[in-house]
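Comments concern the structure below.
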Amino acid sequence: RHTEMAPLPSYDEVLVCTPDTEEEEVELLIRRALSPGSQDQKIYCLLGADKLVYKVSKRLELHFFRLVQSCSIPNYRFIILCDAKAHNSYVTTAFDAYKVTFPCYSETEIQTYLKLHLTVPSGTAPVAQAFKEPHQQNVKFVFSERAGMGE
């Protein structure tokens with residue numbers, strides 16, 4: 001259900017998939033979504049799951065259905081997001097029975113929602129103040145050739 005006050009997902013709720021995403025990462029997210037402690041309103045998401053390689057896609061299907069069968073949580077929240085044009089993706093085919101189409105929101109509605117949730121209240125986030133933009137955001141992407149090395 002769409003509401004402007006619904007929060008954005010936190011870092012532990014989303015896995016952005018690439019061809020390099022490993023089986024262990026996918027399994028960990030599925031376990032989070034289907035574990036008894038997952039009832040705290042979190043919505044777990046695999047974003048771009050159509051980019052997973054065949055082997056990882058196959059394991060995603062296996063882990064998901066195995067855990068769903070043994071899971072005692074009737075109302076888990078787990079979303080697999082795929083490109084609608086990715087017809088040759090194993091994930092798209094394996095989960096086709098569960099496919100739904102998202103409602104279309106206008107660009108203005110999306111921008112308004114993101115502005116509401118990504119703006120830092122003044123004086124509350126010293127880390128965001130390190131960036132010199134006039135409209136401080138609490139999300140920044142920093143890319144590094146050698147992550148963890150300070151470069």
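In this text, all values refer to a predicted model and were calculated from it rather than measured experimentally.
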- State plainly whether one hydrophobic cluster holds both Leu28 and Leu47, where clusters connect Ile, Leu, Val, Met, Phe, Trp and Tyr through side-chain heavy atoms under 4.5 angstrom apart. no
Hey, what do you get for [atom1] ([X]) to [atom2] ([Y]), rounding to the nearest 0.5 Å?
X     : Y     : atom1 : atom2 : value
Ser89 : Ile80 : OG    : CD1   : 9.5 Å
Leu62 : Glu27 : CG    : CD    : 9.0 Å
Lys51 : Thr21 : NZ    : OG1   : 10.0 Å
Ile79 : Tyr98 : CD1   : OH    : 15.0 Å
Leu34 : Arg66 : CG    : CZ    : 10.5 Å
Glu25 : Leu46 : CD    : CG    : 10.5 Å

- Message: Using every non-hydrogen atom in the two residues, find where Arg32 and Ser35 come nearest and quote the distance to one decimal.
- Response: O-OG, 3.3 Å
- How close do Tyr76 and Ala33 get, heavy atom to heavy atom, and via which atoms?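 It is CB-O, 3.7 Å.
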- Query: Given Cys45 and Leu15, is the side-chain contact (heavy atoms from CB on, under 4.5 Å) satisfied, shown in steps?
  - Reply: CA-CA 6 Å; Cys45 308; Leu15 177 61; over 6 Å; no
- Message: Ring-plane angle category for Phe64 and Phe95, please: parallel below 30°, perpendicular beyond 60°, tilted otherwise.
- Response: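 Perpendicular: the ring planes of Phe64 and Phe95 meet at over 60°.
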- Query: Does Ile30 reach the side chain of His63, with side-chain heavy atoms less than 4.5 Å apart?
  - Reply: yes
- Contact check, side chains of Arg31 and Leu67, non-hydrogen atoms, under 4.5 Å: yes
- Query: Can Lys85 and Asp50 be counted as an ion pair, charged N to O under 4.0 angstrom?
  - Reply: no
- Pair Arg59 + Glu23: basic N to acidic O under 4.0 Å: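 Answer for the salt bridge query: yes.
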- Task: Count the heavy atoms of every other residue, nucleotide or ligand shown that sit under 6.0 Å from CD of Glu107, and state whether that count exceeds 12.
- Result: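 Not more than 12 within 6.0 Å, no.
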- Message: So if I apply the side-chain contact (heavy atoms from CB on, under 4.5 Å) rule between Cys17 and each of Val91, Leu60, Leu52, Val56, which one comes out positive?
- Response: Leu52
- Item | Donor-acceptor contact below 3.5 Å, side chain Glu13 vs main chain Ile43 | yes
- Task: Please check if the side chain of Thr92 supplies one atom and the backbone of Asn88 the other of a donor-acceptor pair under 3.5 Å.
- Result: no
- Message: Is the distance from the ring center of Phe78 to that of Tyr44 below 6.0 Å?
- Response: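 Ring centres of Tyr44 and Phe78 not closer than 6.0 Å.
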